[in-house]
Amino acid sequence: MIKENILRVQERIAAVCARIKADPQKITVVCVTKGRSIEQILEAANLGFRYLGENRVQEAREKYKQVPGAEWQMVGHLQLNKVKEALKIFSLIHSVDSIALAQEINKQAAKINKIQDILIEVKTSSEVTKFGLRPGVFLDASKEILSLDNLRVKGLMTIAPAVDNAEEARQYFAKLKALRDTLNPSWLLSMGMTDDFEVAIEEGADIIRLGRAIFG
Ligand SMILES: *Cc1c(COP(=O)(O)O)cnc(C)c1O
């Protein structure tokens with residue numbers, strides 16, 4: 001089943017890329033494994049996924065050593081008291097959503113001589129439950145974050161609110177791209193999940209994060 005799902009995802013990515021004349025090889029898929037068994041994760045990894053995403057440190061800690069060759073990425077909200085542990089597991093943290101979190105990552109990374117790759121999470125919608133920097137504070141906050149020596153900012157991330165029609169998510173992806181273009185056009189955009197990844201790719205996503213599309 002996972003195999004068919006992956007083929008279907010690849011076809012869909014290829015179709016969007018053909019439409020917008022983009023190179024499908026340049027889209028990175030992070031396979032989001034939260035709530036999946038180690039057997040399912042190994043199956044996906046064996047079918048070619050190198051980047052695995054988790055949204056809880058605790059869950060990642062139990063799994064990460066069991067998948068040879070995988071690179072783990074943190075996609076969920078990271079609590080300050082979990083940072084130290086997270087730095088041992090994740091090659092990329094997508095969800096840096098406050099200056100305080102960036103400072104704590106910087107501090108803990110310095111202690112272990114790590115330069116931690118991160119994305120800054122932007123709250124592109126007004127949904128109350130979502131984490132991320134509001135666009136209004138984003139410019140000042142990102143300056144602050146960019147000044148931290150043990151962080152390497154690779155780009156921006158957003159989570160669009162759940163909508164009935166993927167088209168409605170387009171505005172949030174466009175907003176993230178506009179912010180990126182003003183700040184640093186070479187930054188990557190992590191946006192798009194199972195229900196909206198095609199629209200995200202149309203709006204310039206470099207990294208999409210897929211769970212249900214792969215595991216069902
Ligand atoms: C769960 C999750 C995903 C994957 O969601 P699907 O809709 O299953 O593709 C992507 N990003 C984040 C931050 C998540 O928590």
Side-chain angles (χ1 to χ4, degrees), residues 1-13 16 27-38 40-41 43-45 47-64 70-79 82-83 86 89-98 101 105 117-125 127-133 154-170 172-173 175-176 188-216:
M1 231 253 294
I2 292 180
K3 193 170 181 180
E4 283 81 57
N5 291 344
I6 293 173
L7 288 174
R8 184 81 194 105
V9 164
Q10 286 167 342
E11 280 168 13
R12 287 170 63 184
I13 294 172
V16 197
I27 309 285
T28 299
V29 180
V30 176
C31 173
V32 179
T33 57
K34 61 169 183 255
R36 309 296 172 173
S37 69
I38 198 70
Q40 287 175 296
I41 298 170
E43 186 177 349
L47 289 165
F49 288 110
R50 164 149 182 240
Y51 303 107
L52 304 179
E54 272 293 333
N55 68 347
R56 290 211 180 136
V57 174
Q58 175 68 34
E59 217 181 313
R61 184 169 55 202
E62 286 156 18
K63 296 170 175 171
Y64 81 106
E71 260 188 45
W72 292 80
Q73 304 190 350
M74 177 63 174
V75 299
H77 176 64
L78 179 56
Q79 289 169 306
K82 300 276 168 58
V83 167
I89 302 173
F90 298 111
S91 60
L92 177 66
I93 298 172
H94 289 234
S95 44
V96 175
D97 55 10
S98 69
L101 176 59
I105 295 172
D117 286 347
I118 64 148
L119 304 175
I120 301 173
E121 181 174 354
V122 183
K123 188 169 140 66
T124 49
S125 70
E127 230 184 39
V128 285
T129 54
K130 286 274 169 355
F131 293 104
L133 293 168
K154 307 284 280 185
L156 304 180
M157 183 271 236
T158 200
I159 303 173
V163 289
D164 292 332
N165 177 344
E167 265 313 310
E168 294 167 46
R170 186 181 298 279
Y172 308 109
F173 301 141
K175 205 182 274 181
L176 194 71
L188 303 172
L189 296 174
S190 166
M191 55 190 198
M193 310 182 359
T194 291
D195 290 331
D196 52 26
F197 72 87
E198 283 145 318
V199 173
I201 291 172
E202 286 173 356
E203 294 302 319
D206 301 286
I207 304 169
I208 59 175
R209 308 177 307 266
L210 303 180
R212 286 167 300 138
I214 294 166
F215 295 106

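Every number for a ligand or one of its atoms is a count from 1 in the order of the listing. Quantities reported herein were computed from a predicted structural model and do not represent experimental measurements.
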When rounded to the nearest 0.5 angstrom, what is the spacing between [atom1] in [X] and [atom2] in [Y]?
X: Asp206; Y: Ile27; atom1: CG; atom2: CD1; answer: 6.5 Å
X: Glu203; Y: Met191; atom1: CD; atom2: CE; answer: 6.5 Å
X: Lys34; Y: Arg56; atom1: NZ; atom2: CZ; answer: 9.5 Å
X: Ile207; Y: Tyr51; atom1: CD1; atom2: OH; answer: 9.0 Å
X: Thr33; Y: Phe215; atom1: OG1; atom2: CZ; answer: 6.0 Å

For ligand 1, which atoms, with element, lie under 4.0 Å from some heavy atom of [X]?
X: Ile159; value: 13 (C)
X: Thr194; value: 6 (P), 7 (O), 8 (O), 9 (O)
X: Asn55; value: 15 (O)
X: Leu210; value: 9 (O)
X: Arg212; value: 6 (P), 7 (O), 8 (O), 9 (O)

Nearest-contact summary for [atom] - protein heavy atom, Å:
atom: atom 13 (C) of ligand 1; result: Val75 O, 3.3 Å
atom: atom 11 (N) of ligand 1; result: Arg209 NE, 2.9 Å
atom: atom 5 (O) of ligand 1; result: Met193 CE, 3.7 Å

Is the CZ atom of Arg61 crowded by more than 12 outside heavy atoms at less than 6.0 Å? yes
Determine, using heavy atoms of Asp195 and all atoms of ligand 1, whether some pair is separated by less than 4.0 Å. no
Examine the proximity of ligand 1 to Lys34 and report which part, side chain or backbone, both or neither, has a heavy atom under 4.0 Å away. side chain
Side chains of Glu202 and Phe173, heavy atoms from C-beta outward: is any pair under 4.5 Å? no
Nearest candidate to atom 4 (C) of ligand 1, where distance is taken over non-hydrogen atoms, out of Ala213, Ala162, Gly211: Gly211
Is the shortest side-chain N to carboxylate O distance from Glu198 to Arg12 below 4.0 Å? yes
